[in-house]
Amino acid sequence: MTIVRIPAGWPASEEEARAAQDELRGRVVLDEPGPPPGTGRVTGVDVAYDDERGVVAAAAVVLDAATLDVLAEATAVGEVSFPYVPGLLAFREVPTVLAALDALDRDPGLVVCDGYGLAHPRRFGLASHLGVLTGLPTIGVAKNPFTFTYEEPDRPRGSTSPLLAGPDEVGRAVRTQAGVKPVFVSVGHRVGLDRACAHTLALAPRYRLPESTRRADALCRRTLKETVGRAGAPS
DNA sequence: GCGACAG
DNA sequence: ATCTTGTCGC
C-alpha cells in the first residue's frame, strides 16, 4: 500500500493552520437539514497514530443507516501531517482520512467524525473541515466536552442538554445510554443539529459511541498494527 | 502570566 | 491519541 504524503502547501505552523481555518470557515453550509436519520448510508471515520514513527492509519466504514450493517470499508496509511494542538486537530487527520474516503467503492452518505464540527474555538473543527473539503454532509461526535460547558442531561437514553460556548449553543450533550456519560454532538457541514443528534442516537442502540465510530476505530487500530508491526517489532 | 484543552 | 492487568458484570 502507498503512503499518503503530506500535501504540498500543507500548513507547517500553527499560525498558517489557523489562517487556513479562517479562510475555509466561510464555506461551511449550515442551512440544510441533512439526510433523514435511519435512511441511506452513514460512514464512520477515525485514525490511529504511532507518533514514534510518524505514522497514521485512517479507516472509513460505511454502514446501512437502517440496519447498521457494514456495507463497505477502506483504509489509508500516511505520514503524520501535524502535531496535536487543541483546535488544530484536523491538520493531523485530514489528509489520510480523505484518502480512506476516496478508496471507498460507494458514496459515503453522512460522515460521522470523531471530534467536533462547529463546537470549536474558531467554529471550524474537524467535521466542518472534512465537510468543506469533500462536500459531504458531516457531523462530529466527541467523547469529551473540550473547553465547553454543559449541564448533565437527564438519565434516560435520548436526553440532551446544550453544549455551550458562553451563551451560544455550539452542540449538544447526548445521552446515548441510560446513566452513561453523554457524547458531545456538533454540526459539521450540511446537517442541522437536531438531525445530527438523531443520527447519533440511531447509531448507538447498544453502546455509548456510535457504531460507525466503533467500527472505524477498530479498523484503523488494526491497520496501524499490521502496518507498523513488522518493521517495528522490538528485537 | 497560568492553566485547560477534540484526538 | 497512547501507555497497560486484572477485574467486575451482563
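In what follows, chains carry the letters A, B, and so on, assigned in the order in which the sequence lines appear, proteins first and then strands, with residues in each chain numbered from 1. Scope of the values below: all heavy atoms of this structure, side chains included, with no hydrogens, waters or symmetry mates.
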(request) Check the distance between C:dA1's C1' and A:Asp114's CG and give it to me in whole angstrom. (result) 10 Å
Name the pairs: protein N/O against N/O of nucleotides 6-10 of chain C, kept only if under 3.5 Å.
none

(message) Quick check on B:dG7: is either OP1 or OP2 less than 4.0 Å from any side-chain nitrogen or oxygen of A:Tyr49?
(response) no
(message) Expressed as a whole number of angstroms, how long is the span from A:Leu130:CG to B:dA6:P?
(response) 19 Å
Going by atom type alone, with no hydrogens or angles, which donor-acceptor pairs under 3.5 Å involve a side-chain atom of residues 74-85 of chain A and a protein atom two or more places apart or on another chain?
{"unit_1": "A:Glu79", "atom_1": "OE1", "unit_2": "A:Ile6", "atom_2": "N", "d": "3.1"}
{"unit_1": "A:Ser81", "atom_1": "OG", "unit_2": "A:Phe91", "atom_2": "O", "d": "2.6"}

(request) Round to a whole Å and report the spacing from CZ of A:Arg53 to P of C:dT2. (result) 13 Å
(request) For A:Asp107 and A:Gly109, indicate whether the former's side chain and the latter's backbone hold a donor-acceptor pair under 3.5 Å. (result) yes
(message) Strictly below 4.0 Å, N to O, side chains only: are A:Asp22 and A:Arg123 in salt-bridge contact?
(response) no
(message) Between A:Arg172 and A:Asp194, does any NZ, NE, NH1 or NH2 come within less than 4.0 Å of an OD or OE carboxylate oxygen?
(response) yes
(request) Answer yes or no: is there a donor N or O on one side and an acceptor on the other, between the side chain of A:Arg157 and the main chain of A:Arg175, under 3.5 Å? (result) no
(message) OP1 or OP2 of B:dG7 versus the side-chain N and O atoms of A:Lys143: is any pair under 4.0 Å?
(response) yes
(request) Please state how far atom CD in A:Glu93 lies from atom P in B:dA6, giving the value in whole angstrom units. (result) 12 Å
(message) Once you apply a heavy-atom cut-off of 4.0 Å, does A:Gly87 come out as touching a base, just sugar-phosphate, or nothing?
(response) base
(request) Kindly say if A:Arg221 contacts the phosphate of C:dA1, meaning a side-chain N or O under 4.0 Å from OP1 or OP2. (result) yes
(message) Salt bridge or not between A:Asp31 and A:Arg190? Use side-chain N to carboxylate O under 4.0 Å.
(response) no
(message) Side chains of A:Glu169 and A:Tyr150 only: does a donor on one sit below 3.5 Å from an acceptor on the other?
(response) no
(request) Answer with base, sugar-phosphate or nothing: what part of the nucleic acid does A:Ala119 contact at a heavy-atom distance below 4.0 Å? (result) nothing
(message) Does A:Asp46 reach a base, just sugar-phosphate, or nothing at all? Heavy atoms under 4.0 Å.
(response) sugar-phosphate
(request) Measure the distance between the ring centre of A:Phe184 and the centre of the six-membered base ring of B:dA6, then answer whether it is under 5.5 Å with planes under 30°. (result) no
(message) In whole Å, I'd like the distance from the CZ atom of A:Arg92 to the P atom of B:dG7.
(response) 13 Å
(request) Enumerate, in order of first residue number, the stems that involve DNA chain B, defined as 3 or more consecutive Watson-Crick or G-U wobble pairs with both distances under 3.5 Å. (result) none
(message) Looking only at the side chain of A:Thr147 (C-beta and beyond, no hydrogens), which of the listed nucleotides B:dC5, B:dG7, B:dA6 gets closest?
(response) B:dC5
(request) Send over the distance from A:Phe146 CZ to B:dG7 C1', rounded to a whole Å. (result) 10 Å
(message) Just the rounded figure in Å: distance from C1' of C:dT2 to CG of A:Leu89.
(response) 15 Å
(message) Can you see whether A:Gln177 engages A:Arg208 through a side-chain donor-acceptor pair at a distance of less than 3.5 angstrom?
(response) no
(request) Using the ring of A:Tyr207 (Phe, Tyr or Trp, six-membered ring only), decide whether A:Arg214 places NZ or CZ under 6.0 Å from its centre and within 45 degrees of its axis. (result) yes
(request) Starting at atom CZ of A:Phe148, determine the distance to atom P of B:dG7, rounded to an integer number of angstrom. (result) 12 Å
(request) Describe the nucleic acid contact of A:Leu88 in one word from base, sugar-phosphate, nothing, applying a heavy-atom distance below 4.0 Å. (result) base
(message) I want to check one thing: is the phosphate of B:dC5, taken as OP1 and OP2, less than 4.0 Å away from some side-chain N or O of A:Asn144?
(response) no
(request) Spell out, as yes or no, whether a donor-acceptor pair under 3.5 Å connects the side chain of A:Glu16 to the backbone of A:Ala12. (result) yes
